[in-house]
Amino acid sequence: MSCLCHQTSNSNQSTNHWEQTRRHPCYSMEAHYKYARMHLPVAPKCNIACNYCNRKYDCVNESRPGVTSEVLTPVSAEQKFIVVKEKIPNLSVVGIAGPGDALANWENTCEAIERIKQSNPEMIFCLSTNGLLLPHYAPEIVELGIKHVTVTMNTLNPDTGAKIYRHVHYQGKKYEGTVGAGILLENQLTGIQYLAHQGVLVKVNIVMIKDINDSEIPAVVKKAKQLGAFMTNIMPLIPAEGSVFANLPPTSIKELNQMRDRCQIDLHQMRHCKQCRADAVGMLSEDRSQEFYAGVDSLIKQNHSVAM
Ligand code: CLF
Ligand code: SF4
């Protein structure tokens, strides 16, 4: 583990943000008409408990509730990547977005990216996290050449955090209430700032939950900007069956867009998020995950028989 305290920003690494996002379908509205992304579902474990989540399914911080993805080993993920790349030539991004937390499964996340990167250095690598382990892994993320990281940060107030998070597991202990939410928040803030100063394009996801954190969202966006984040993605709460928030009202598109319009003054807003699966494949507007879901072995056989 590396400590972040004495590491400073490297302005040489802060190259043109727009150039880096030109081929990323989530970071650029234009790119989402041209380029596809693929998620590697190599991260099943999670280290926190969000009240909008039902852990039978994918991480709700980036996925629509009720969606279950397959889980792959780094080796199977690489095999699947090879098949997908051949069938989807406009694939530009390989992302890790669950089904749990990318950093709570760091060995798998790291190995999967390293394997693919070796023979495909032109790929953009991307990951999504709740941010709890960013102070531990941010230097390795930078070293690995990951230029796009999404961190879900829902509030700047540990009291509000205590309403959203039941507990966090951190350094071998379980923390509840404001203490747990406070640890999570501190690590999110430290990690976002570090990554942004290292030239990583940080997207902050915010789940908009009526009467819980909605009034605080403009402050979260302002803070994200101050820390150097590239954009925010305000997402609607879709109450997930079996979650603590199952009976809360959903956030309407009207409320969501009003909040995005309000926050756009401070920071660029993503408006084309599809809350996609942890094993999503294809253009954002056309998920092809089912096509590649039949098990990696059979996919490889199919691919060979097509090639022969
Ligand atoms: Fe995946 Fe997320 Fe990277 Fe995109 S998704 S890890 S930044 S490559 Fe994109 Fe999907 Fe929305 Fe995520 S549409 S849920 S924002
Ligand atoms: Fe669920 Fe994601 Fe929250 Fe973990 S971080 S509890 S997987 S929504």
Side-chain angles (χ1 to χ4, degrees), residues 20-21 23-29 31-32 35-69 71 91-105 109 113 123-134 146-154 161 164-169 180-181 184 187-188 200-207 209 230-238 240 242-245 269-287 289:
Q20 287 185 28
T21 63
R23 292 186 300 122
H24 197 308
C26 302
Y27 280 66
S28 155
M29 182 68 122
H32 106 280
Y35 294 100
R37 55 79 182 92
M38 161 182 200
H39 283 164
L40 307 175
V42 295
K45 290 182 283 185
C46 189
N47 45 15
I48 68 174
C50 304
N51 283 331
Y52 45 68
C53 182
N54 175 349
R55 285 304 289 122
K56 280 189 201 152
Y57 306 114
D58 287 359
C59 175
V60 183
N61 285 344
E62 279 238 321
S63 313
R64 193 156 283 272
V67 168
T68 312
S69 291
V71 174
L91 182 72
S92 65
V93 174
V94 172
I96 297 183
D101 182 76
L103 302 187
N105 302 263
T109 296
I113 290 174
M123 278 291 145
I124 296 167
F125 294 95
C126 188
L127 58 82
S128 163
T129 175
N130 59 43
L132 181 65
L133 293 179
L134 275 179
I146 299 172
K147 293 280 197 288
H148 298 82
V149 174
T150 295
V151 183
T152 300
M153 180 167 72
N154 292 318
I164 300 174
Y165 308 107
R166 288 195 299 293
H167 58 252
V168 312
H169 280 283
L184 178 63
N187 288 4
Q188 290 168 338
V200 173
L201 296 162
V202 179
K203 172 163 73 63
V204 172
N205 279 6
I206 305 166
V207 182
I209 314 162
F230 179 71
M231 71 198 299
T232 52
N233 175 20
I234 306 169
M235 305 161 78
L237 173 78
I238 303 171
S243 73
V244 175
F245 285 171
Q269 299 295 307
M270 182 177 187
R271 292 171 188 265
H272 60 288
C273 177
K274 303 293 183 217
Q275 292 177 270
C276 45
R277 317 166 54 99
D279 58 2
V281 175
M283 309 283 283
L284 297 193
S285 55
E286 188 205 3
D287 181 55
S289 54

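One-based numbering, in listed order, for ligands and for the atoms of each. The first residue in the sequence is number 1, and the count goes up from there.
Under the side-chain hydrogen bond (donor to acceptor under 3.5 Å, both in side chains) criterion, Ser63 pairs with no residue at all, not counting sequence neighbours.
Rounded to the nearest 0.5 angstrom, His167 NE2 and Leu184 CG are separated by 12.0 Å. To the nearest 0.5 Å, atom CE of residue Met270 and atom CD1 of residue Ile206 are 13.5 Å apart. Atom OG1 of Thr109 sits about 8.0 Å away from atom CG of Asp101, to the nearest 0.5 Å. One finds the NE2 atom of His24 at 12.5 Å from the NZ atom of Lys147 (value rounded to the nearest 0.5 Å). Rounding to the nearest 0.5 Å gives a distance of 6.5 Å between OG1 of Thr152 and CE of Met235.
Side chain to side chain, Asn47 and Asn130 meet the donor-acceptor criterion of an N or O pair below 3.5 Å. Between the side chains of Asp58 and Ser69, a donor-acceptor pair is found at a separation under 3.5 Å. For the residue pair Asn54 / Ser243, no side-chain donor-acceptor distance below 3.5 Å is found, with atom types taken as modelled.
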Show me the side-chain donor-acceptor pairs of residues 91-98 shorter than 3.5 Å, one per line, residues at least two apart or across chains.
from  : atom 1 : to    : atom 2 : distance (Å)
Ser92 : OG     : Arg23 : O      : 2.5

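Under the 30°/60° scheme for interplanar angles, the aromatic rings of His148 and Tyr27 are found to stand perpendicular.
Only protein N, O or S atoms were considered, and those under 2.8 Å from atom 12 (Fe) of ligand 1 are Glu62 OE1. Sorted by chain and number, the protein atoms of type N, O or S within less than 2.8 Å of atom 4 (Fe) of ligand 2 are Cys46 SG.
Residue-ligand proximity, Leu284 to ligand 1, at heavy-atom distances under 4.0 Å covers atoms 13 (S). Counting the atoms of ligand 1 from 1 in the order shown, those under 4.0 Å from a heavy atom of Val93 are 8 (S). Counting the atoms of ligand 1 from 1 in the order shown, those under 4.0 Å from a heavy atom of His39 are 1 (Fe), 5 (S), 6 (S), 8 (S). Interface atoms of ligand 1 facing Cys126, defined by a heavy-atom separation under 4.0 Å, are 3 (Fe), 6 (S), 7 (S), 8 (S).
The shell of residues lying under 4.0 angstrom from ligand 1, judged by heavy atoms, excludes His272. For Lys203, the heavy-atom gap to ligand 1 drops under 4.0 angstrom. The closest approach between a heavy atom of His32 and any atom of ligand 1 is not below 4.0 Å.
With a 4.0 Å heavy-atom cut-off, ligand 1 is reached by no atom of His148.
Partner of Thr232 under the side chain to side chain contact (heavy atoms under 4.5 Å, CB included) criterion, out of Gln269, Met153, Lys203: Gln269 alone.
A 4.5 Å side-chain heavy-atom check between Leu134 and Asn187 finds every atom pair outside the cut-off.
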